[in-house]
Participant: 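Input: one structure, supplied below.
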Amino acid sequence: MADAAQPRQPTLRRLVDYRRDMAREQAEADKREQEEIKAYEEIRRARIESYDGLVREAQLRYAQTRKADGGVDAGGPGPGLYLEITRLESEIASKDEELKAMSTMLQSARNEIARLNKALQDELRAQRDSAVAELAQKKRHRVDDDAAAN
């Protein structure tokens with residue numbers, strides 16, 4: 001009876017270890033997700049601040065074009081080009097921030113894939129080892145039965 005309970009104990013221990021590892025991995029994934037959310041919010045805040053700065057810059061350029069030689073007050077073209085340049089600069093800045101955020105997300109996804117592959121390999125290795133141990137035990141029982149029969 002003690003022999004029957006003995007093989008289950010390592011399996012139970014592996015199950016407990018596996019569940020503990022999965023809980024730890026889930027906690028790490030949750031932490032990474034919180035970090036990504038925080039990074040996204042920081043990027044969003046920086047984008048808003050950047051846009052506000054660009055608007056102020058456009059207003060300053062607009063005021064300068066009205067007063068400078070060739071400005072609207074002097075019969076010139078006006079601030080249209082500066083406003084367009086500022087709008088394009090704003091779009092470029094936002095695209096750069098999005099690209100950085102996507103790059104960070106891609107890297108974290110690659111890291112997650114690598115971690116999951118490692119966990120899968122460990123699990124498969126544990127299953128293989130368990131199956132080999134079971135086969136060895138069955139073979140040992142057959143050898144013992146054959147020896148008892150002779």
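Each residue takes its place number in the sequence, starting with 1.
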Participant: Would you say Lys118 and Arg115 make side-chain contact, with heavy atoms under 4.5 Å?
Facilitator: no
Participant: Between the main-chain N or O of Lys100 and the side-chain N or O of Thr104, is there a donor-acceptor pair closer than 3.5 Å?
Facilitator: yes
Participant: Could you measure the distance from the CG atom of Leu99 to the CG atom of Leu106? Nearest 0.5 Å is fine.
Facilitator: 10.5 Å
Participant: Indicate whether any N or O donor in one side chain lies under 3.5 Å from an N or O acceptor in the other, for Gln34 and Asp30.
Facilitator: no
Participant: Between atom OH of Tyr40 and atom CZ of Arg45, what is the distance when rounded to the nearest 0.5 Å?
Facilitator: 12.5 Å
Participant: Taking atom CG of Asp122 and atom CG of Asp129, what is their separation to the nearest 0.5 Å?
Facilitator: 10.5 Å
Participant: Nearest 0.5 Å, please: how far is OG in Ser130 from CG in Leu135?
Facilitator: 9.5 Å
Participant: So does Glu41 pair up with Arg44, basic N to acidic O under 4.0 Å?
Facilitator: no
Participant: Might you work through the salt bridge (Lys or Arg N to Asp or Glu O under 4.0 Å) test for Lys38 and Glu42, ending with a clear yes or no?
Facilitator: CA-CA 6 Å; Lys38 187 183 288 184; Glu42 289 174 6; 6.0 Å; no
Participant: Would you say Ile113 and Arg110 make side-chain contact, with heavy atoms under 4.5 Å?
Facilitator: no
Participant: Would you check if Gln121 and Leu124 make a side-chain contact, meaning some heavy-atom pair closer than 4.5 Å?
Facilitator: no
Participant: Between Arg24 and Asp21, does any NZ, NE, NH1 or NH2 come within less than 4.0 Å of an OD or OE carboxylate oxygen?
Facilitator: yes
Participant: Compare all side-chain heavy atoms of Glu28 with those of Arg32 and state whether any distance is below 4.5 angstrom.
Facilitator: yes
